[in-house]
2 protein chains.
Amino acid sequence: MVTLAEVAQHAGVSASTVSYVLSGKRSISATTRQRVEQSIRLLGYHPNAGARALASSRSNIIALMVPLRTDMYVPVMMEIAIAVATTARTHGYDVLLLTGEEGPDAVRRVTGSGLADAMILMDVELDDERLPLLRGTDQPSVLIGLPAETTGLTCVDLDFRATGALCVEHLAMLGHRDIAVIGEAPAVYERHTGFAERTLDGLRSRARELGVRLLHRPCEGGYDAMAVTLARILDERPGTTGFVVQNESAVEPLLALLRQRGRAVPEDVSVVAVCPEQVAVQASVRLTSVAIPAQEMGRYAVEHLVAKLDGRGTDEVVLIAPELTVRASTGPAPSGRTS
Amino acid sequence: MVTLAEVAQHAGVSASTVSYVLSGKRSISATTRQRVEQSIRLLGYHPNAGARALASSRSNIIALMVPLRTDMYVPVMMEIAIAVATTARTHGYDVLLLTGEEGPDAVRRVTGSGLADAMILMDVELDDERLPLLRGTDQPSVLIGLPAETTGLTCVDLDFRATGALCVEHLAMLGHRDIAVIGEAPAVYERHTGFAERTLDGLRSRARELGVRLLHRPCEGGYDAMAVTLARILDERPGTTGFVVQNESAVEPLLALLRQRGRAVPEDVSVVAVCPEQVAVQASVRLTSVAIPAQEMGRYAVEHLVAKLDGRGTDEVVLIAPELTVRASTGPAPSGRTS
DNA sequence: ATAGTCTGTCGAAGCGCTTCGACAGACTTT
DNA sequence: AAAGTCTGTCGAAGCGCTTCGACAGACTAT
């Protein structure tokens with residue numbers, strides 16, 4: 001392993017000079033800099049991460065806590081994770097992957113050990129156990145998702161309330177009067193994951209304002225669960241012509257089931273999904289959807305953290321405005337026959 | 001930040017004693033150990049990661065390189081990543097998330113800086129640029145996937161050749177004589193990703209042995225691409241009654257399209273998928289499938305690395321035997337009408 | 001010319017831990 | 001009773017880097 005000292009000797013300067021060349025924290029003459037840089041290249045020098053972390057109390061690592069569950073939103077999680085990793089690298093940071101398994105202890109461990117300089121938390125619950133710890137440390141953090149109480153925290157998320165409103169609006173505008181919402185799995189609501197409840201809020205209040213009827217049913221993903229849920233919905237509200245689907249693993253099953261029942265999309269029934277773009281365009285009917293801006297959230301989270309670590313930036317809550325893209329799964333409500 | 005020295009002082013022992021209590025590398029009397037452990041708890045001490053890494057030249061971090069592309073096998077990748085992170089924690093390791101973006105440089109950086117003690121590489125190509133670097137370092141590594149040349153490397157993977165053979169066998173046994181293979185996206189083959197080619201090998205050679213006809217067509221995921229691919233296949237081989245699907249994002253579209261053409265699964269047509277269990281059971285028809293043992297691979301990779309880091313363990317290639325689970329998507333070939 | 005200001009470089013201290021050799025004391029063995 | 005062996009603990013060195021204060025030399029303003 002090549003060390004700083006060896007580079008210094010090779011370049012005929014002192015160790016501190018090499019360090020300053022590397023960090024740019026003091027001015028160095030052009031000739032010296034070049035000599036040092038050449039030595040670094042020649043010797044194939046890489047600064048030792050541990051030593052650097054010890055001396056500077058900066059690890060240049062951002063911790064990313066992903067949910068342990070692989071049952072929901074997998075593509076979104078993955079996309080966020082990759083956006084985080086990629087963005088972090090462009091700022092000279094690496095990413096430590098933590099699973100939710102350790103829970104609050106992970107936060108303690110990371111902040112206590114100086115393993116990471118900052119944290120990004122995904123899958124935040126409304127009243128998350130980790131929040132008091134975050135507030136109690138001076139380590140910067142960003143939540144992807146919105147807890148109940150955000151004071152002293154930085155959060156990014158899609159504005160799910162507006163998303164819900166937007167979906168209802170779109171369907172209402174097309175004349176749909178009876179709308180069913182295929183929600184996330186019951187467990188997601190029990191856990192009080194913010195986004196699910198906020199979407200529902202948005203859906204409900206806009207539905208009330210616009211005078212459309214709304215039926216919300218949680219649904220596990222998969223074909224069988226969707227079949228049961230759909231049967232119940234059509235039983236209870238036979239006149240349903242609009243669907244809002246939040247659980248992406250229910251999308252394709254729903255389309256298949258509707259087809260099976262002879263209900264054409266979008267002629268008889270309209271479907272709006274809240275899902276990543278890719279899912280929307282790859283579905284068997286190109287879906288009118290509100291995209292979940294996974295990449296954008298990941299990138300924002302990292303950039304905010306970097307700013308904070310550089311002494312810039314403040315706590316704030318950023319809600320990304322939803323955008324509804326009209327594709328082939330929504331159309332005017334069939335005239336007359338709505339209940 | 002609480003330091004070792006403070007713990008030592010609090011417990012009335014020397015710093016080295018505390019260190020030995022922590023590492024267990026020398027025997028410590030029960031009473032001293034207890035006193036130290038109590039002080040650690042009381043003060044909320046966490047060893048500083050950087051200092052530890054510097055002094056011991058061990059970071060207790062395992063690097064995981066995931067593919068940058070989010071276009072293929074997302075659930076599998078995610079499942080592996082989570083299995084890796086979880087398993088690593090049980091052995092006292094953390095996981096650093098690297099994307100393929102940096103390519104070989106990432107390997108250089110990690111080994112050079114001592115950021116991680118070992119690496120796990122996913123999405124290995126047959127002739128991967130990173131392999132020479134891995135061979136040239138003494139840092140342990142495990143590949144998830146199989147390159148062309150494995151000497152000096154440790155690899156885990158599903159035995160895709162056997163998987164291909166198994167799928168053909170199952171269909172042949174049921175009387176299917178004309179089998180179509182829905183492969184991965186063309187780009188995957190162009191990249192020479194090992195698993196795709198090996199599966200194909202297994203399919204072809206077993207098909208030859210059993211005297212069944214095989215038609216292989218690469219296919220991008222999604223409904224539209226699948227529609228085109230299916231049309232071509234049925235055009236060329238109208239008597240096709242068996243399908244093997246490797247691209248999981250083609251599964252649901254295929255089922256929808258077959259239904260649409262009035263071909264019932266499994267009465268008229270049988271479908272075998274190579275995909276994670278979850279996808280198989282959640283599909284609109286419960287799929288006969290060979291599961292991709294994502295968790296098992298992730299766990300194995302970590303455990304092998306830990307063994308190597310502990311001075312045990314050797315280089316070897318482990319191919320996990322495929323298991324075909326019969327579900328509702330395969331049945332006897334329709335009698336008489338096969339071409 | 002003198003004092004004052006930059007610029008570029010160096011030396012040394014120290015970050016918090018691990019680990020090696022030393023060694024005191026208790027306990028065997030002859 | 002002397003020599004040898006363990007066991008448990010300590011002190012000190014050192015891991016490779018950052019950073020602070022010092023300072024020589026060049027330059028500017030008076």
Side-chain angles (χ1 to χ4, degrees), chain A residues 1-37 39-40 43-61 92 109-117 309, chain B residues 1-37 39-40 43-61 92 109-117 309-311:
Chain A
M1 218 74 306
V2 188
T3 70
L4 226 213
E6 291 169 328
V7 173
Q9 193 178 5
H10 185 271
V13 297
S14 75
S16 48
T17 300
V18 177
S19 179
Y20 286 123
V21 168
L22 250 29
S23 69
K25 293 190 179 174
R26 285 202 183 172
S27 55
I28 297 287
S29 70
T31 59
T32 305
R33 183 200 310 305
Q34 280 167 14
R35 208 139 34 86
V36 170
E37 280 167 353
S39 299
I40 288 176
L43 301 178
Y45 169 71
H46 284 272
N48 181 87
R52 197 165 242 198
L54 177 56
S56 65
S57 355
R58 282 296 205 91
S59 64
N60 284 292
I61 288 179
R109 197 165 60 82
V110 167
T111 58
S113 68
L115 236 186
D117 298 331
L309 289 169
Chain B
M1 217 69 314
V2 188
T3 69
L4 227 213
E6 291 169 325
V7 173
Q9 192 178 6
H10 185 271
V13 298
S14 75
S16 48
T17 300
V18 177
S19 178
Y20 287 123
V21 167
L22 251 29
S23 69
K25 292 192 178 173
R26 286 204 182 170
S27 54
I28 297 287
S29 70
T31 58
T32 306
R33 184 199 311 305
Q34 279 166 16
R35 208 140 33 86
V36 170
E37 280 167 353
S39 299
I40 288 176
L43 302 178
Y45 169 70
H46 284 272
N48 180 86
R52 201 166 236 198
L54 177 56
S56 65
S57 356
R58 282 299 204 92
S59 64
N60 284 292
I61 288 179
R109 196 165 61 84
V110 168
T111 58
S113 68
L115 236 185
D117 298 333
L309 289 169
D310 290 354

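Excluded from the calculations below are hydrogen atoms, water molecules and symmetry mates; all remaining heavy atoms, backbone and side chain alike, are included. These figures come from a predicted structure and were not determined experimentally. All chains are named by letter (A, B, ...) in the order of the sequence lines, taking the proteins before the strands, and each is independently numbered beginning at 1.
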Look at all strands and tell whether A:Thr3 reaches a base, only sugar-phosphate, or nothing, counting heavy atoms closer than 4.0 Å.
sugar-phosphate
Categorize B:Leu4 for me: base, sugar-phosphate, or nothing, with a 4.0 angstrom heavy-atom threshold over every strand shown.
base
Can you tell me the pairing partner of C:dT29 across any strand shown, Watson-Crick or G-U wobble, with both distances under 3.5 angstrom?
D:dA2
Using a 4.0 Å heavy-atom cut-off, does B:Ser16 contact any base of the nucleic acid, only the sugar-phosphate backbone, or nothing at all?
base
Is B:Ser59 reaching over with its side chain to a backbone N or O of B:Ala53, donor-acceptor style, under 3.5 angstrom?
no
Just checking A:Ser29: base, sugar-phosphate only, or nothing, at a heavy-atom cut-off of under 4.0 Å?
sugar-phosphate
Outermost contacting nts on DNA chain C, any atom under 4.0 Å from chain B heavy atoms, listed 5' then 3', are C:dG16 to C:dA22
A:Glu37, CD atom: more than 12 neighbouring heavy atoms under 6.0 Å
yes
Of A:Leu22 and B:Val18, the one whose closest DNA chain D nucleotide lies more 5'
B:Val18
Is there a side-chain contact between A:Thr3 and A:Asn48 (heavy atoms, below 4.5 Å)?
no
Minimum heavy-atom separation for B:Ala15 to B:Leu4, with atom names?
O-CD1, 3.7 Å
Heavy atoms only: give me the nearest B:Glu6-B:Leu43 pair and the separation to one decimal.
O-CD1, 4.0 Å
Side chain A:Arg58, main chain A:Leu309, donor-acceptor under 3.5 Å:
yes
Interface with DNA chain C, restricted to residues 45-61 of chain A and to heavy atoms under 4.0 Å:
A:Leu54, A:Ala55
Please tell me if the side chains of B:Leu22 and B:Tyr45 come closer than 4.5 Å, counting only heavy atoms from C-beta onward.
yes
Counting N and O atoms only, with roles assigned by atom type, does the side chain of A:Arg52 sit under 3.5 Å from a partner on the main chain of A:Asn60, one being a donor and the other an acceptor?
no
